[in-house]
Colleague: 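Below is the structure I would like to discuss, written out as structure tokens.
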Amino acid sequence: MPRAPVVRVALPTPLRQLFDYRVAGLDVEPGMRVRVPFGRQQRVGVVMASAEDSEVAAEKLKAVLEPLDDRPVFDAGLLELLQWAAGYYHHPIGEVLTAALPKALRLGADLAAQEERWRLTAAGRDACAAGEPRRAPRQQALLAALQDEERSAVALRAQCGEAWRTAARALAERGWIEAFETTCAPAPVAAAPAAGPAAPPLNDEQRAAAERIESSLGQFGAFVLQGVTGSGKTEVYLRVTEAALARGTGALVLVPEIGLTPQLVGRFRARFGVPMAVLHSGLTDHERLLAWREAYSGRARVVLGTRSAVFAPLAQLGVIIADEEHDASYKQQDGGFRYSARDLAVMRARGAAVPVVLGSATPAVETLHNVAEGRYTRLTLTRRAVQSAGPRLALIDLRAHAHTAGLSTPAVQAIERHLGAGGQVLVFLNRRGYAPTLLCTACGWVAPCKDCDARLTVHLHSRTLRCHHCGAEEPLPERCPQCGFAVKPVGQGTERIEETLAQLFPGVPCVRFDRDVVRRRGDLEAAVQRIASGEGRILVGTQMVTKGHDFPNLTLVVVLNADQGLFSTDFRAPERLAQTIVQVAGRAGRGTRPGEVLIQTEFPDHPLLTGLLTEGYEGFARTALAERHEAAWPPFSRLAAVRDSARTAEAALQFLTEARALAAGARGVRLLGPVPAAMARRAGRHHAQLLIESAERGALHRFLETWLTQIAALPSARRVRWALDVDPMELF
Ligand code: ADP
Ligand code: ZN
Ligand code: ZN
């Protein structure tokens, strides 16, 4: 096929355009990376399109230096997705690609490279048959992994852990396994997956859901799989994936954050014999490259990862699954390209004509609106797969009961009761550290962060004061720096609750889950293990405990402070609160014992709390949608935010004020602000925001298109850092 003489290339620059190059007889097609001259440098870009000619004068048109791939990295569907994202989020295409491509590939690394692989030798097979090796669990695991197929070093490391290489060397010395090199080429896609062990028979609801989704394989369909934690959603994902694999296609599975990957990876690995590629922020650049190779080559049939994995190549995409779809982590909240991986997953599925499954116990209010409008199909799992009644929820009126360091008397009594009955207890508080404030009782001084409009949090274990907004840290003072009097910590954090519980329940082992104790890979597993083994009886945790882990013996959850989300300027705050409460409550009574959930509040009559109690999340979502309709907030309108920061509050506001002035007379949009952020000063910079709202998406985007170029040209733009956030998740 004769190739078009010109290609349009996306390059990593902030310019909102493509760059034309002559192909000069090279084998180049859309989706491939190319090395091109750019100014006096060379850059790596991605060919977005071919063209017959260019508007650039022929003598000025430079030639592609070399193609870096022999087949496209991004297939037509992905290219379209990237282009759509650049348009929708009004972000330069080159920078969109920067977000989508692993760094090594942006720098020109080979995608179809030699890679280290390992396989069992005949001697090794005999040894295994003879029951060898008898006492080396790492070696046994490695041999088991190589039993049915050869595997890459990456896959072995992912499966057998960091120490795999020591085991591999030992086995290689005995001649049982051997390493070899191969080129990553598309592997033939096997017809059927290796039948995994022990898939439980699905219950009726699970089967109905799985069948409905499976009937959509090969065509687009958006499904909301709604069910509380433990209702068997993951089992449905596995079943649908199995069906996709059986058709010779693969699955892309997204999770909102890295902490959720190990368990899900474990479940998929245990079920399928097929190689998987895992992508998350904890990988080194090289590991990420290797995972991409697995996916691109078609060797990995299942790709599982966090946000940016939505751009991962898959030889034959069959289905996309986004677990915990309501989670705000799906939205890139900083940097330039602020995309929603959940929304892009739906777009990708549409383009690729495959079904997408959005799973959650508490679907985003927007998602439920899409269900109500008939755009998404809801599939509900109402029963817990493992039999147990749902937990009982009750409020504790903090005004009516005495409390010790944040724990009310009824809560303490309930903890006692549940521990006495042999249950485990979770105490939830979304604030780490010992206390949020250090106060001088003589002069009223409170320890402030020098760079933020925030107080420093007391961390007693490390004897430091820390800012949770900018990371600043200083030693804990003994005395008030202002008057020399003694200082005392005020309020509660998880550290202090742990201390109080140790005093109230001496000898009862307590495990804390927060970012201060769970820092490295392995910490989380260790903490989970202490609870799962029954060694830890009380858990104290932040948001971190709301995700995933299964503690069947947990019978009581105490939510210490539900009130932070009740009164906020952010219209999404109540939704986040309701989701948190439901997710935390989902930790209770997952085994055969019934659970109890106690929520401490100073506002027991607040309609959000009472609604949640009487009608559950459904009732809450209905009220929330009605309120948003009334106030014309999304999904009943479209929203974008321009956020900026500067060294002075004036500069931050000036740019946005001028930006607003440029919008005077714009049709179909309403501008709100600018206003300083609720916490205006963070890390020494002043933050402000301007909202743009429209009843209609088209109007908003037409407006942004021209307005963004205008505001970028404002002289005041150069004195601030600013970014556009389409569909912002958090408002301040
Ligand atoms: P979710 O993803 O909604 O939290 P899971 O799929 O993890 O739910 O299911 C919760 C637990 O119940 C898991 O241990 C799972 O193995 C088990 N389970 C799920 N479905 C069934 C079933 N149909 N029969 C037996 N056990 C099941
Ligand atoms: Zn003082
Ligand atoms: Zn700070």
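Numbers here simply count residues along the sequence, with the first being 1. Side chains are part of it too, since the values below use all heavy atoms of this structure and drop only hydrogens, waters and symmetry mates. One-based numbering, in listed order, for ligands and for the atoms of each.
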Colleague: Just say parallel, tilted or perpendicular for the rings of Phe513 and Phe551, cut-offs at 30° and 60°.
Modeller: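 Plane angle over 60°, so perpendicular.
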Colleague: Going by atom types only, do Glu325 and Gln226 share a side-chain donor-acceptor pair under 3.5 Å?
Modeller: no
Colleague: For atom 2 (O) of ligand 1, tell me which residue out of Thr234, Asp204, Leu225 has the closest non-hydrogen atom.
Modeller: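 It is Thr234 whose heavy atom sits nearest to atom 2 (O) of ligand 1.
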Colleague: Counting only heavy atoms not in Arg682, do more than 12 sit closer than 6.0 Å to its CZ atom?
Modeller: yes
Colleague: Say whether Asn430 and Gln543, considering side chains only, have a donor N or O and an acceptor N or O under 3.5 Å apart.
Modeller: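 The criterion, which ignores hydrogens and geometry beyond distance, is satisfied for Gln543 and Asn430.
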Colleague: Heavy-atom contacts with Val228 under 4.0 Å: which atoms of ligand 1 show up? List them by number with element.
Modeller: 3 (O)
Colleague: Please work out which of Gln206, Arg267, Gln263 has its closest non-hydrogen atom nearest to atom 20 (N) of ligand 1.
Modeller: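 Comparing heavy atoms across Gln206, Arg267, Gln263, the nearest one to atom 20 (N) of ligand 1 lies in Gln206.
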Colleague: Quick one: do Lys331 and Asp343 satisfy salt bridge (Lys or Arg N to Asp or Glu O under 4.0 Å)? Show the steps, please.
Modeller: CA-CA 9 Å; Lys331 182 77 196 275; Asp343 294 348; over 6 Å; no
Colleague: Does ligand 1 come near enough to Gly227 that some N or O of the ligand is less than 3.5 Å from an N or O of the residue?
Modeller: no
Colleague: For Asp516 and Gly433, work out which heavy atoms get closest and say how close.
Modeller: OD2-N, 3.8 Å
Colleague: Need the ligand 1 atom indices (1-based, order shown) with element for anything under 4.0 Å from a heavy-atom of Leu202.
Modeller: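 Checking each atom against Leu202, I get 23 (N).
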Colleague: Any luck finding a side-chain donor-acceptor pair between Gln332 and Arg307 under 3.5 Å?
Modeller: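 Arg307 and Gln332 do have a side-chain donor-acceptor pair below 3.5 Å.
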Colleague: Judged by non-hydrogen atoms, does Ser231 sit under 4.0 Å from ligand 1?
Modeller: yes
Colleague: Short list, please: which atoms of ligand 1 are under 4.0 Å from a heavy atom of Asn203?
Modeller: 23 (N)
Colleague: Mind checking how many protein N/O/S atoms fall short of 2.8 Å from the Zn ion (ligand 2)?
Modeller: 4
Colleague: Would you indicate whether Arg647, at its atom CZ, is surrounded by more than 12 heavy atoms from other residues, nucleotides or ligands within a distance under 6.0 Å?
Modeller: no
Colleague: Which pair of heavy atoms, one from His459 and one from Ser462, lies closest together, and at what distance?
Modeller: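 Scanning both residues completely, I find the closest heavy atoms to be CB-OG, 3.5 Å.
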Colleague: Suppose the cut-off is 2.8 Å; how many protein N/O/S atoms fall inside it around the Zn ion (ligand 3)?
Modeller: 4
Colleague: Checking Thr555 against His418: is there a side-chain donor and acceptor pair closer than 3.5 Å?
Modeller: yes
Colleague: Under 3.5 Å, is there a donor on one side chain and an acceptor on the other for Thr249 and Arg247?
Modeller: no
Colleague: Taking atom CZ as the centre, does Arg207 end up with more than 12 heavy-atom neighbours from other residues, nucleotides or ligands that are less than 6.0 angstrom away?
Modeller: yes
Colleague: Quick one: do the Gln579 and Tyr617 side chains pair a donor with an acceptor below 3.5 Å?
Modeller: yes
Colleague: Could you pull out the closest heavy-atom pair between Ala364 and Arg342, with the gap in Å?
Modeller: CB-NH1, 3.8 Å
Colleague: I need the atoms of ligand 1 closer than 4.0 Å to a non-hydrogen atom of Pro201, numbered in the order shown.
Modeller: 22 (C), 23 (N), 24 (N)
Colleague: In terms of atom number and element, which parts of ligand 1 are under 4.0 angstrom from non-hydrogen atoms of Lys233?
Modeller: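 Atoms satisfying the 4.0 Å criterion: 1 (P), 2 (O), 3 (O), 6 (O), 8 (O).
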